[in-house]
Amino acid sequence: MTITSTGQVPSLGRRQADAGSTLTAAVLGFFVVTLDAVVVNVALPSLRESLGGGISGLQWVVDGYTLMFAALLLFSGSLADRIGARAAFGIGMGLFAVASIACGATPTLELLVAARFVQGAAAAVIMPASLTLISQAYPDAKQRARAVAVWALGGSVASTSGPVVGGLLTMLDWRLIFLINIPAGALAFWALSRTAPSPHRVVAFDWFGQVSAVVAMGSLTYAAIEAGSAGLGAPRVIAALAVVAVSLLGFVLAQSRVTHPMVPLDMFGSRTFRIALGTGFAFMVGYYGMPFVVSLDLQGRRGVSPLGTGLTFLPMMLVGLALTPFSARIVERVGARLTIGAGLAAMTTGLAALGLLPATSPLWLVSVLMILVGLGGPLTMPPVTAVLLNHVPAQRTGIASGAFNTSRQVGGALAVAVFGALLEGNDLMSGLRSSLLIAAAVLLAATLASLRLPQHHRNTGEI
């Protein structure tokens, strides 16, 4: 419960207003973070035409954002706990707005990639802070689960509107896809100004762990992207993989020895924690990797316009948008394990079917099959997020949400890197099929693992 500066407990109406403002800010934060992850896909051919560059350049436009998002999430989860979620969220939103303006004004592909790196860093600060704000504003587990479902709605709206809005704006000027973040950011700041201050802890940062995590993730992404053009046996690829191994070893050693690690290793002793991270990783392999390859296929091989590409994705996104508000109630009725498993199974089926479609299949069939992938969003992410938040102690929600979202973004970054390499090393249709079938296999593994999640998510005080 929040205590005012005068030492008095706020009234019920004030607490509800604070919670509502907090949720509004968190939803808008998730909206802009998700929008910039999906809106760029339909603009990739226009970006290449305007700024130049091949498949690897486009991969870095996507993965520059995702890589920094993933690499800094662990640090940002700790940051939200240390300086307070409200302060961290404000810093992240301000940096995101500045980077969005830079993306829209860039004259070269290299500067665009640099600005996307900054956007990703800002997004990394926003995401765990938004979840921590919700956890603090809604101490009751049932109310928190419903608030998380509303928070997820922000991502669903962004996912739904992103391809279509991106297609429309790209027909005018692709730079506009980045500038639309500014009004949403301004509204988020207004809502944040009406929220209660957040508690914070004063402990040292795990700088060595953070640096080793950034180096490991960056090297892994670089190796995957370069393997597509240079080959897996190229010296620079082998060197990058060696750096990955050394950095990961350094990270694990740091987490086992420092006083205040970014991710205490005892958290991995929890089966629920491990499955939640694996689920987040697998989900993003399909949900993030599939639009990347399908967008390039539709506009490259089939000659579909940016707007037509966005409309092809629209049914998939609309299903997710319509179902997201009901995800918490579905879990209350049938349990978390069944809901999450059904969502992952639907994604597996959709990705496999898309991967096996004949090259001449009509667009309406592609659009219909993508609906199965869209079902995975509301059926998987809100409940698995709620399971995780209710599974860890309150003082570790920032760390847990940071680790969870890191696994998600690593999945997305590796999907774009690997799938892009497959597109570059094969003909477009062969690369598309291989990518989608790999994604289906990863989702199948996550589906089987989800059967071991607890049926009902209660705060057990574990970890």
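One is the number of the first residue; the rest follow in order along the sequence.
- Thr312 places a side-chain N or O within 3.5 Å of a backbone atom of Gly308 that can act as its donor or acceptor partner.
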*Start with the C-alpha gap between Leu436 and Phe419, add the side-chain angles, then the distance that decides, and say whether side chain to side chain contact (heavy atoms under 4.5 Å, CB included) holds.*
CA-CA 9 Å; Leu436 293 175; Phe419 296 172; over 6 Å; no
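- Side-chain contact between Val118 and Phe96 is absent, with no heavy-atom pair separated by less than 4.5 Å.
- Taking OG1 from Thr132 and CE from Met127, the interatomic distance works out to 11.5 Å, rounded to the nearest 0.5 Å.
- Arg452 is not listed as a side-chain neighbour of Thr272, based on a closest heavy-atom distance of 4.5 Å or more.
- Ring-centre distance between Phe273 and Phe268: below the 6.0 Å cut-off.
- Taking Phe283 as the reference, Tyr287 meet the ring pair (Phe, Tyr, Trp, His ring centres under 6.0 Å) condition, with sequence neighbours excluded.
- Counting only heavy atoms from C-beta outward, the side chains of Ile126 and Phe89 approach each other to under 4.5 Å.
- Residue Asp297 is tested with Leu423, Val304, Leu432 for a side chain to side chain contact (heavy atoms under 4.5 Å, CB included); the sole match is Leu432.
- With sequence neighbours left out, the side-chain hydrogen bond (donor to acceptor under 3.5 Å, both in side chains) criterion links Tyr288 to Thr66.
- Looking at Ser434, its side chain never comes within 3.5 Å of a backbone N or O of Gly431 through a donor-acceptor pair.
- Each of Leu344, Leu375, Leu354, Leu372 was checked for a side chain to side chain contact (heavy atoms under 4.5 Å, CB included) with Thr349, and the lone residue meeting it is Leu372.
- Between the CD1 atom of Ile275 and the CG atom of Leu448 there is a distance of 11.0 Å, given to the nearest 0.5 Å.
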_Test log, rule side chain to side chain contact (heavy atoms under 4.5 Å, CB included), inputs Gln119 and Asn181_ = CA-CA 11 Å; Gln119 265 194 325; Asn181 295 321; 3.7 Å; yes
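- The shortest distance between side-chain heavy atoms of Thr170 and Ile177 falls below 4.5 Å.
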*Before giving the answer on side chain to side chain contact (heavy atoms under 4.5 Å, CB included), spell out for Ile438 and Leu351 the whole-Å C-alpha distance, their side-chain angles and the decisive distance to 0.1 Å.*
CA-CA 9 Å; Ile438 289 172; Leu351 289 166; over 6 Å; no
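- Nearest heavy atom pair, residue Ala191 against residue Thr24, reads CB-CG2, 3.9 Å.
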*How far apart are the C-alpha atoms of Met381 and Arg408, what are their side-chain angles, what is the distance that settles it, and do they pass the side chain to side chain contact (heavy atoms under 4.5 Å, CB included) test?*
CA-CA 10 Å; Met381 280 300 99; Arg408 281 167 42 92; 2.8 Å; yes
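- The two residues Ser367 and Pro315 come nearest to each other via the heavy atoms OG-CG, 3.1 Å.
- Rounded to the nearest 0.5 angstrom, Ser361 OG and Arg302 CZ are separated by 6.5 Å.
- In this structure, Leu169 and Val165 have side chains that are in contact, with non-hydrogen atoms separated by less than 4.5 Å.
- Here the straight-line distance linking atom CE of Met370 with atom CG of Leu365 works out to 10.5 Å at 0.5 Å rounding.
- Considering CZ of Phe292 and CG of Leu44, their distance stands at 6.5 Å, rounded to 0.5 Å.
- A heavy-atom distance below 4.5 Å is found between the side chains of Leu35 and Ile180.
- Using a distance-only test at 3.5 Å, with no hydrogens or angles considered, no donor-acceptor pair links the side chain of Thr106 to the main chain of Ala102.
- Contact annotation: the side chain of Val125 never approaches that of Leu72 to less than 4.5 Å [non-hydrogen atoms, C-beta and beyond].
- The two residues Val244 and Ser219 come nearest to each other via the heavy atoms CG2-CB, 3.5 Å.
- The two residues Val331 and Pro383 have their closest heavy-atom pair at CG2-CB, 3.5 Å.
- Of the possible polar contacts, one joining the Arg116 side chain to the Val61 backbone as a donor-acceptor pair under 3.5 Å is found.
- In this structure, a donor-acceptor pair under 3.5 Å is absent between the side chains of Gln299 and Ser305.
- Leu192 CG to Arg86 CZ: the interatomic distance, rounded to the nearest 0.5 Å, is 5.5 Å.
- Pairing each heavy atom of Cys103 with each of Trp174, the nearest pair is O-CZ3, 4.0 Å.
- Ring-plane geometry between Trp60 and Phe117 is classed as parallel, the angle between the planes falling under 30 degrees on a 0 to 90 degree scale with a further cut at 60.
- For Phe404 against Ala276, the heavy-atom pair with the smallest separation is CE1-O, 3.3 Å.
- Within the 4.5 Å cutoff, the side chain of Ser295 has heavy atoms near those of the Phe313 side chain.
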